[in-house]
S.K.: 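Right, I'll just put the structure down here and ask away after.
Because the structure is a prediction, the values reported are computed rather than measured.
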Amino acid sequence: MIFDYNVIWDSLPLYFGGVLVTLKLLAISLALGLVAAVPLALMRVSKQAAINFPAWLYTYVIRGTPMLVQLFLIYYGLAQFEVVRNSALWPLLSDATFCACLAFAVNTSAYTAEILAGSIKATPYGEIEAAKAIGMSRYKLYYRILLPSALRRALPQYSNEVIMMLHTTSLASIVTLIDITGAAKTVNSQFYLPFEAYITAGLFYLCLTFIMVRLFKRAERRWLAYLAPRKA
């Protein structure tokens, strides 16, 4: 078996362009997903069924269906309705980048909401009692105590979600976007070098994963230092 990596070397600009597309999709999706996840998490920890149930149903449905199905429903499925094609949103819904970001954001918001809800429920009751003792309102309790504490303690689980979303962005190539996987598909279709094309894509994903893991480890050491066991 002979490997031809000269083609890969010449195609590196295409791969680097794919890296930028991948990071763009990831950043937008995570930002939108986190913004949506915070109120969803607060709804999930509510003891009122009318508030809790809609958030539970949303996260249950989104986590219970494949990401690929969600992407197809948004990018291909909505186009079959005339009312959508004639609406003011059609320029956005006909754009592959917008649809991919929307699908990824919806997906990650459900998982992130459950992560945050679990972290909120695990907040030590002593922190809540201390806040109530100094007369904090319910709003200040969530804003100053519960949410910051939950976000810090959710970092290890959220880092896994970010890595999963990085890998999930590879589905964007199915809706015509040239991300890292799209670059590999392009190289393979032009030169029929599947091993070289996809092993290169895998290496790019591996490098990005390594960088993100290291960044999250540094964040955990900074913001979770108070949870580390104290030395005798």
S.K.: Determine whether L12 and W9 make a side-chain contact, defined as any pair of heavy atoms from C-beta on separated by less than 4.5 Å.
M.R.: yes
S.K.: What pair of heavy atoms forms the shortest contact from C99 to L71, and how long is it?
M.R.: O-CD1, 4.1 Å
S.K.: With the side chain counted from C-beta on, respond yes when L208 and F204 share a heavy-atom pair under 4.5 Å apart, and no when they do not.
M.R.: no
S.K.: Under 3.5 Å, is there a donor-acceptor pair between the side chain of S149 and the main chain of L146?
M.R.: no
S.K.: With the 4.5 Å side-chain cut-off for hydrophobic clustering, are I8 and Y205 part of the same group?
M.R.: yes
S.K.: Heavy atoms only: give me the nearest R44-W56 pair and the separation to one decimal.
M.R.: CD-N, 3.5 Å
S.K.: Please tell me if the side chains of I199 and Y5 come closer than 4.5 Å, counting only heavy atoms from C-beta onward.
M.R.: yes
S.K.: When rounded to the nearest 0.5 angstrom, what is the spacing between CG in L89 and CG in D95?
M.R.: 12.5 Å
S.K.: Take atom CZ of R144 as the centre, draw a 6.0 Å sphere, and report whether it contains more than 12 heavy atoms from other residues, nucleotides or ligands.
M.R.: no
S.K.: Considering all heavy atoms of both residues, which atom of E220 and which atom of P156 are nearest to each other, and what is their separation?
M.R.: OE2-CA, 3.5 Å
S.K.: Give the C-alpha distance, both sets of side-chain angles, the deciding distance and a yes or no for side chain to side chain contact (heavy atoms under 4.5 Å, CB included) between T186 and L14.
M.R.: CA-CA 9 Å; T186 301; L14 181 63; 3.9 Å; yes
S.K.: Please determine whether side chain to side chain contact (heavy atoms under 4.5 Å, CB included) holds for the pair T123 and R153, giving the CA-CA distance in whole Å, both sets of side-chain angles, and the decisive distance to 0.1 Å.
M.R.: CA-CA 9 Å; T123 301; R153 286 182 285 104; 2.7 Å; yes
S.K.: Is it true that Y125 and I134 fall in one hydrophobic cluster, defined by side-chain heavy atoms closer than 4.5 Å?
M.R.: yes
S.K.: Any chance you could measure L203, atom CG, to Y15, atom OH, to the nearest 0.5 Å?
M.R.: 9.5 Å
S.K.: Find the distance between OG1 (T65) and CD (Q70) and round it off to the nearest 0.5 Å.
M.R.: 4.0 Å
S.K.: Taking the side chain as every heavy atom from C-beta outward, state whether M165 and L25 have any atom pair closer than 4.5 Å.
M.R.: no
S.K.: Is the number of heavy atoms from other residues, nucleotides or ligands under 6.0 Å of E129 CD greater than 12?
M.R.: yes
S.K.: Report yes if the side chains of Y198 and K185 come closer than 4.5 Å at any heavy-atom pair, otherwise no.
M.R.: yes
S.K.: What class does the angle between the rings of F216 and Y158 fall in, given that below 30° is parallel, 30 to 60° is tilted and above 60° is perpendicular?
M.R.: perpendicular
S.K.: Where is the tightest heavy-atom contact between W223 and R152, given as atom of each residue plus distance?
M.R.: O-CD, 3.3 Å
S.K.: Indicate, with yes or no, if F72 and W90 share a hydrophobic cluster defined by side-chain heavy-atom contacts under 4.5 Å among Ile, Leu, Val, Met, Phe, Trp and Tyr.
M.R.: no
S.K.: Could you check whether any side-chain N or O of T108 sits under 3.5 Å from a backbone N or O of F104, counting only pairs where one atom can act as donor and the other as acceptor?
M.R.: no
S.K.: If you round to the nearest 0.5 Å, how far is CG of N107 from CG of L68?
M.R.: 11.0 Å
S.K.: Is any side-chain heavy atom of I74 less than 4.5 Å from a side-chain heavy atom of F98?
M.R.: no
S.K.: Is the shortest side-chain heavy-atom distance between T97 and V175 below 4.5 Å?
M.R.: no
S.K.: Quick one, M43 and Y58 - any side-chain contact, counting heavy atoms below 4.5 Å?
M.R.: no
S.K.: Side chain to side chain contact (heavy atoms under 4.5 Å, CB included) between T209 and H167: does it pass, once the steps are laid out?
M.R.: CA-CA 9 Å; T209 299; H167 299 160; 3.2 Å; yes
S.K.: Just by modelled atom types, is the S46 backbone N or O under 3.5 Å from a matching donor or acceptor in the N52 side chain?
M.R.: yes
S.K.: Counting heavy atoms not belonging to K140, are there more than 12 under 6.0 Å from its NZ?
M.R.: no
S.K.: Search all heavy atoms of A88 against all heavy atoms of P91 and return the closest pair with its distance.
M.R.: O-CD, 3.3 Å
S.K.: Taking OH in Y60 as the centre, count heavy atoms belonging to other residues, nucleotides or ligands within less than 6.0 Å. Is the count above 12?
M.R.: no
S.K.: Quick check: does any side chain N or O of R63 sit under 3.5 Å from a backbone N or O of A110, one acting as donor and the other as acceptor?
M.R.: no
S.K.: Check I28, L34, V35 against L32 for a side-chain contact (heavy atoms from CB on, under 4.5 Å) and give me the one that passes.
M.R.: I28
S.K.: Checking S119 side chain against A150 main chain: does a donor-acceptor pair fall under 3.5 Å?
M.R.: yes
S.K.: So L147 and L42, side chain to side chain contact (heavy atoms under 4.5 Å, CB included) or not? Walk me through it.
M.R.: CA-CA 9 Å; L147 281 178; L42 295 177; 4.1 Å; yes
S.K.: How many angstroms lie between atom NZ of K217 and atom CG of L155, to the nearest 0.5 angstrom?
M.R.: 11.0 Å
S.K.: Just how far is it from atom CE of M164 to atom OG of S159, taken to the nearest 0.5 Å?
M.R.: 12.0 Å
S.K.: Can V213 be reached from V162 by stepping across I, L, V, M, F, W or Y side chains whose heavy atoms are under 4.5 Å apart?
M.R.: yes
S.K.: May I ask whether L78 and L171 are part of the same hydrophobic cluster, defined by side-chain heavy atoms of I, L, V, M, F, W, Y residues being less than 4.5 angstrom apart, directly or through others?
M.R.: no
S.K.: If you compare all heavy atoms of L26 against all heavy atoms of L166, which two are closest, and at what distance to 0.1 Å?
M.R.: CD1-N, 3.6 Å
S.K.: Assess the side chains of E161 and T112: does a donor N or O sit below 3.5 Å from an acceptor N or O?
M.R.: no
